[in-house]
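For this chain, numbers begin at 1 and follow the sequence in order. All values below were derived from every heavy atom in this structure, side-chain atoms included, with hydrogens, water molecules and symmetry-related copies excluded. Remember, it's 1-based here, ligands and their atoms both numbered in the order they're listed. In this text, all values refer to a predicted model and were calculated from it rather than measured experimentally.
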Amino acid sequence: MCGIFAYLGPRQASTVLINGLRRLEYRGYDSTGIAVKDGTIQLHKKVGKVGDLETILPTQVPGHIGIAHTRWATHGIVNDSNAHPHQSVNGKVVIVHNGIIENTRQLRTSLTVQGVELQSDTDSEALAHIIERELSVDNNPEKAVRRTLHLARGTWGLCVLFLEHDVIVCARNGSPLIIGQGDDEMFVSSDPHALAPYTHRVVFLEDGEIATLTSTSMKLSTLKGKDFNPSITVLEEDWGESELGEYPHFMLKEIYEQPDALRHCISGRLDRVQGNGRLGGLELEPRDLGKVPHVRLLGCGTAYNAAEIGQIMIEKLARIPAVAHISSEFRHNDPVINPNALHFAVTQSGETADTLSAVKEIHLKGGSVFGVVNVVGSSIARECGKGVYIHSGPEQAVASTKAFSNMVAALSVFALQIGRSRSTSKERGKQLINGLQEIPHLIEEYLENQGPILEAVEMIKDAKCVLFLGRGISAPVAKEGALKLMEIAYIPCLAYPAGEMKHGPIALLEEGSPVIFIAPNDHVKMKTISAIHECKARGARVILIHEKGDDIANEADISIPIPPVHSLLSPLLTVIPMQLIAYHTALALGCNVDRPRNLAKSVTVE
Ligand code: AGP
């Protein structure tokens with residue numbers, strides 16, 4: 001989704017900005033642009049990738065101050081004029097903006113009445129014109145931005161460049177913005193990952209804050225005009241190597257990184273002697289966990305699917321009610337919040353606006369929320385204050401793979417921890433720990449012998465629709481499989497709990513319809529077999545993911561065996577063939593595996 005990068009300092013700004021944009025690319029975008037000041041302001045923007053922008057840049061873009069943007073369209077179609085930066089009518093102000101200005105119609109109308117000719121269909125452009133107008137009042141950049149933002153309603157991460165001032169003013173309200181402090185240079189980014197090559201000393205702007213930056217100074221104030229001192233955070237976790245290496249795509253690389261990512265996630269978090277989980281970041285004692293009335297988990301997309309698996313594990317091990325909620329629905333249903341309940345916000349990016357809003361809703365109503373987050377220092381991690389980092393490392397492909405596995409693993413450790421404080425025996429806890437510690441190796445074993453994935457791809461690649469079915473803990477895995485295939489191969493997919501199939505989706509089945517079943521060797525397997533028979537009786541062809549050595553393989557048209565696994569942890573194995581099926585199907589159809597159309601890695605608008 002939209003990304004911002006800005007620079008002030010001794011280096012050539014255009015080079016730093018282009019590098020910054022490259023590190024934001026993984027978030028997904030449709031157009032890009034930069035503005036650099038050197039006496040005049042040079043502005044270049046274009047639909048397409050950062051590489052496309054580079055082709056239109058002159059060989060020299062002199063200047064040491066600049067702002068840059070990757071746009072993911074919200075207001076206005078994808079075209080060059082809607083791309084950022086946007087310039088004010090007299091060229092004195094240039095802005096890049098993430099977020100949505102809700103009263104844009106009103107602001108645009110009042111500008112038109114004043115004779116301003118708007119150049120784009122965006123909500124953002126209006127801000128540039130109003131800042132320029134306000135600048136004419138007292139020629140004070142910070143005050144001009146502040147007065148403008150008092151007129152705006154909505155969300156913003158905003159960077160403003162001025163023709164007549166050597167400063168960048170930035171502001172945040174609901175859309176992340178991080179200032180990176182170097183030696184006599186200053187950076188701004190909407191994503192801490194993009195700052196990592198330059199500095200680890202950062203200031204996270206909070207909602208309602210404004211920063212006025214030169215290359216050597218940082219002045220922070222609130223929207224109300226109160227100055228305050230910056231609080232510098234040193235980012236310890238470096239995302240490390242995020243190059244493709246020997247892999248053709250990030251998605252494949254990330255699928256193969258799952259065993260090691262899981263090792264990182266569970267390392268130091270399992271107490272083998274007590275058969276217990278140990279998530280120190282939650283700061284919860286057994287006596288606290290013993291009193292919890294219920295657990296709620298929040299997430300979107302893949303994170304929601306992981307949350308549903310967490311829900312099942314928590315109920316099974318702790319015998320208390322747990323429920324997963326889709327974040328985007330949560331606050332709109334005016335939920336009742338019990339301050340004694342535990343809430344978890346599950347998110348890879350830590351920036352998903354829907355999940356952040358749900359967290360704020362719980363806080364507003366007196367509850368507390370723990371983050372289950374990948375990106376260290378992200379907005380949700382900071383809003384929650386406490387929680388669990390899932391330690392997947394950088395996930396660059398839009399389709400989430402290793403973050404899903406680590407969310408499930410982190411939630412399983414929590415389920416164990418709360419289970420042990422209530423109803424799970426030490427013996428059962430030890431079995432789960434053994435199972436969890438075996439998983440990385442079992443995934444490696446499976447990846448070495450993946451089964452007939454390409455045959456499955458042949459069966460589904462031209463299908464009108466693919467049905468994914470699983471029961472119990474495999475029902476959310478079916479959803480995750482369907483989401484993956486739909487996201488990157490654009491094939492319509494339906495996922496259902498297998499028992500629900502006969503209540504509706506069965507109507508879709510005709511001769512040759514492909515159905516993917518997930519049926520590990522657990523207590524609902526026999527029920528799943530009934531659903532397989534019902535499908536086959538209607539001519540459907542069955543791709544079956546099952547445990548090696550299980551007779552259920554005879555039910556399949558294409559059988560994909562995984563190594564036998566602890567029944568509560570089966571999602572960590574059964575999901576892998578589905579990730580591979582989605583990946584290879586997308587390849588077979590010539591789709592852009594890592595950057596699927598219309599999608600963004602980090603969805604920062606509601
Ligand atoms: C996953 O493959 C998707 N790209 C998407 O559903 C994603 O999981 C969702 O947008 C939530 O993102 P988050 O984990 O960063 O909050």
> Parallel, tilted or perpendicular: which fits the ring planes of His325 and Phe330, with parallel below 30° and perpendicular above 60°?
Replying inline: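 If you compare the ring of His325 with that of Phe330, the planes turn out perpendicular.
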> Parallel, tilted or perpendicular: which describes the rings of Phe5 and Tyr198, with under 30° parallel and over 60° perpendicular?
Replying inline: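 Ring orientation of Phe5 relative to Tyr198: tilted.
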Contact check, side chains of [X] and [Y], non-hydrogen atoms, under 4.5 Å:
| X | Y | result |
| --- | --- | --- |
| Ile337 | His343 | yes |
| Phe204 | Val202 | yes |
| Leu252 | Leu580 | yes |

Proximal atoms of ligand 1 relative to [X] (non-hydrogen, under 4.0 Å):
| X | answer |
| --- | --- |
| Gly301 | 6 (O) |
| Ala399 | 2 (O) |
| Thr347 | 13 (P), 14 (O), 15 (O), 16 (O) |
| Ser400 | 1 (C), 2 (O) |

Quick test: of every protein heavy atom, which one is nearest to [atom], and how far off is it to 0.1 Å?
| atom | answer |
| --- | --- |
| atom 8 (O) of ligand 1 | Thr302 N, 3.1 Å |
| atom 14 (O) of ligand 1 | Gln348 N, 2.7 Å |
| atom 11 (C) of ligand 1 | Cys300 O, 3.3 Å |
| atom 10 (O) of ligand 1 | Val603 CG2, 4.1 Å |

> At a non-hydrogen distance cut-off of under 4.0 Å, which region of Glu487 contacts ligand 1 (side chain, backbone, both, or neither)?
Replying inline: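 It is the side chain that gets close, since no backbone atom is under 4.0 Å.
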> When rounded to the nearest 0.5 angstrom, what is the spacing between CD in Glu351 and OG1 in Thr355?
Replying inline: 11.0 Å
>> Under a plain distance cut-off of 3.5 Å, with no hydrogens placed, do Ser400 and Glu395 share a side-chain donor-acceptor pair?
In response: yes
> Gln258 and Ser405: side-chain donor and acceptor closer than 3.5 Å?
Replying inline: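 On atom types as modelled, these side chains qualify, holding a pair under 3.5 Å.
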Would [X] count as a contact residue for ligand 1, given that I'm defining contact as a non-hydrogen atom of the residue lying under 4.0 Å from a ligand atom?
| X | answer |
| --- | --- |
| Lys484 | yes |
| Ser602 | no |
| Val398 | yes |

>> On a heavy-atom basis, I'd like to know which of Leu298, Thr352, Val373, Ile488 is closest to atom 12 (O) of ligand 1.
In response: Thr352
>> Would Lys601 count as a polar contact of ligand 1, with the cut-off being nitrogen or oxygen pairs under 3.5 Å?
In response: no
>> Please confirm whether the ring centroid of Phe414 lies under 6.0 Å from the ring centroid of Phe344.
In response: yes
